[in-house]
Amino acid sequence: MLSVTEITNTTDKEAELLWKQCLIPIKETLPPITFSTWFAPIKPVSYTNNRLTVKLPGSFFYEWLDEHYKTLIDRSVKNALGEKAELSYLIASDTEESDFHVESEPIKIDPVTEVKPDKSRNHFDSKLNTLYTFDNFIKGEGNQLARAAAQAISENPGGTSFNPFFVYGGVGLGKTHLVQAIGNRILESWPEKKVRYTSAGQFTIDFVEAISKNEQNEFSNFYRSIDVLIIDDIQSLVGKDKTQDLFFNIFNTLHQSKKQIILTSDKPPKDLKGLDDRMISRFNWGLTADIQPPDLETRIAILTSKAERLNMFLSLHIIEYIATHITSNIRELEGCLIKLLAYMAISSKEIDLDITKKIVREISTSRKVQVSIDIITQIVCAHLGVEEDKVREKTRKAEVVFARQVCMYISKEMTKSSLKTIGLHFGGRDHSTVIHSCAAIEEMVIRDSKTREVINTLKNKVEIACL
């Protein structure tokens, strides 16, 4: 459980000045309404030993800001205070709510939280978000099996038949919350255990960095020493052969040592094309459980719980309207509450059904599937008649090379992914290969009308697929 830390109303002047420095690039980067909504309510508290501590209005906002602004905050703090600077967060209790009304400008409750480390735990960095607990994970028919298995694992990690535990489902259904809740519960019971949460994408990036520093052995030994390994979005290992080989060996070591392995994915193991068959076979050794979109009753329960945590007083009629019209995932339900909260703060008006309908319409009309490298790869390969796996291999067949270059070119044009990230998606190629591929396609587009037509057609297909 998250413990709320009580703090006094006295603000360290040095902390106030330093926090203002940190906010300068954030304020320059974000629109005024976004800044006033998410950052202005954060209060500086103290600065000691290179650690700046700030206070937040409530715990709910961490999930939102951690997802959307974590990189921006980290970069701004390090630029302002130095690479060794750390930022700690305290969460205000409900009785402190009035402390967050700012007279100079209309501001509302909302920011980020990365709670201070629990001193009862060891010094091993688990990378867990301590806000993800079983207590605030709403149980429903769509997650009943996954939740029950998760609780069993948390009571006996590595000692059940649920090893590995493989959870899959669509975006925004609570996979990350559930698997991190396991880690947090385990650390409550066994503070000495080494629990590590990471995404498969971050695992790959860290491995590539270890290779560049000639520290592969240290990297491998670190992960082999872990008691509970939680890997999010395992599908991101598709096409990354060297990373797959390393993970396969780490998996074997941990499993043989009866250490707990927990994985999430957007699809079941059998549909993870491009992953080594021997790895998929091992994923099926334990329990595979899916999480389905929440039913109406669960959506109402989620909205009610979140609204209470936000100190929002919404009528059952309004909650039922939102739950009836937003059905795809939990993040959209939370997004609707955030927009309603912003409206209340900016307008100082109560929420009624008319404004609720307006915000629900905005969410519905702006709902899009995010353009991703995976979607682009699927569409390009299907259009050009090339197997997806082939574009990640080292083959130099002309049709495969062309398909790969087109994938890289469109990924660079239509996503915000870095050249390094794009290269990793296509067999771990480096950024120079991506640059060369993009330049080759650009030249063909300029001088060849047929290529130009193909590229335009593919871009249109990607846009349509993401509507």
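Because the structure is a prediction, the values reported are computed rather than measured. Worth knowing before you read on, the calculation uses all heavy atoms, side chains too, and leaves out hydrogens, waters and symmetry mates.
Nearest heavy-atom pair across Gly183 and Leu128 is C-CD1, 3.6 Å. Between Phe134 and Arg147, the closest heavy-atom pair is O-NH2, 3.1 Å. Of all heavy-atom pairs spanning Ile326 and Cys336, the tightest one is CD1-CB, 3.8 Å. Looking at every heavy atom in both residues, Ala146 comes nearest to Ile291 through CB-CG1, 4.0 Å. The two atoms that bring Leu187 and Lys193 nearest to each other are CD2-O, 3.5 Å, heavy atoms only. What you find for Arg196 and Ile226 is that their closest heavy atoms are CB-CD1, 3.4 Å.
Although no hydrogens or angles enter the test, the distance criterion places a donor-acceptor pair under 3.5 Å between the side chain of His325 and the main chain of Tyr321. Of the possible polar contacts, none joining the Ser281 side chain to the Asp277 backbone as a donor-acceptor pair under 3.5 Å is found. With hydrogens and angles disregarded, no donor-acceptor distance shorter than 3.5 Å links the side chain of Ser305 to the backbone of Ile302. For the pair Asn460 (side chain) and Asn456 (backbone), a donor-acceptor distance under 3.5 Å is present. Remark: the backbone N or O of Leu263 is not paired with any side-chain donor or acceptor of Lys175 at under 3.5 angstrom.
Every residue meeting the side-chain hydrogen bond (donor to acceptor under 3.5 Å, both in side chains) condition with Ser265, not counting sequence neighbours, appears here in chain and number order: Gln235.
Defined by atom type and a distance below 3.5 Å, a donor-acceptor pair is missing between the side-chain atoms of Ser199 and Asp233. Looking at Asp206 and Gln202, their side chains do bring a donor and an acceptor atom within 3.5 Å of each other. Side-chain N/O atoms of Asp295 and Thr298 include a donor and acceptor closer than 3.5 Å.
No side-chain heavy atom of Lys240 sits less than 4.5 Å from a side-chain heavy atom of Phe207. The side-chain heavy atoms of Leu173 and Pro294, taken from C-beta on, include a pair separated by under 4.5 Å. Proximity of Ile261 to Asn163: side-chain heavy atoms (C-beta onward) are separated by under 4.5 Å at one or more points. Side-chain contact between Asp374 and Val238 is absent, with no heavy-atom pair separated by less than 4.5 Å. Side-chain contact between Val195 and Trp190 is absent, with no heavy-atom pair separated by less than 4.5 Å. Side-chain contact check for Ile455 versus Tyr409: some heavy-atom pair is nearer than 4.5 Å. Two residues are said to be in side-chain contact when any heavy atoms from C-beta on lie closer than 4.5 Å; Gln260 and Ile153 meet this criterion. The shortest distance between side-chain heavy atoms of Leu87 and Ile73 falls below 4.5 Å.
With respect to Lys459 and Glu413, a salt bridge is recorded, a charged nitrogen being found less than 4.0 Å from a carboxylate O. Using a 4.0 Å cut-off between charged side-chain N and carboxylate O, Asp74 and Lys70 make a salt bridge.
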Taking it one step at a time, do Thr48 and Thr53 satisfy side-chain contact (heavy atoms from CB on, under 4.5 Å)? CA-CA 8 Å; Thr48 309; Thr53 301; over 6 Å; no
Should Leu52 and Val77 be marked as a side-chain contact (heavy atoms from CB on, under 4.5 Å) after you check the CA-CA gap, both sets of side-chain angles, and the distance that decides it? CA-CA 9 Å; Leu52 176 62; Val77 169; 5.6 Å; no
Give the intermediate values and the outcome of side-chain contact (heavy atoms from CB on, under 4.5 Å) for residues Leu314 and Leu337. CA-CA 10 Å; Leu314 301 178; Leu337 288 182; 3.7 Å; yes
Show your working on side-chain contact (heavy atoms from CB on, under 4.5 Å) between Leu17 and Gln21 and close with a plain yes or no. CA-CA 6 Å; Leu17 291 172; Gln21 274 186 276; 5.7 Å; no
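Between His177 and Tyr132, the ring-plane angle classifies as tilted under the 30° and 60° cut-offs.
For NZ of Lys259, the number of neighbouring non-hydrogen atoms (other residues, nucleotides, ligands) closer than 6.0 Å is greater than 12. Other residues, nucleotides and ligands place no more than 12 heavy atoms under 6.0 Å from the CD atom of Glu141.
Residue pairs meeting the ring-ring contact (aromatic ring centres under 6.0 Å, His included) criterion with at least one member in residues 142-167, sequence neighbours excluded: Phe166-Phe283.
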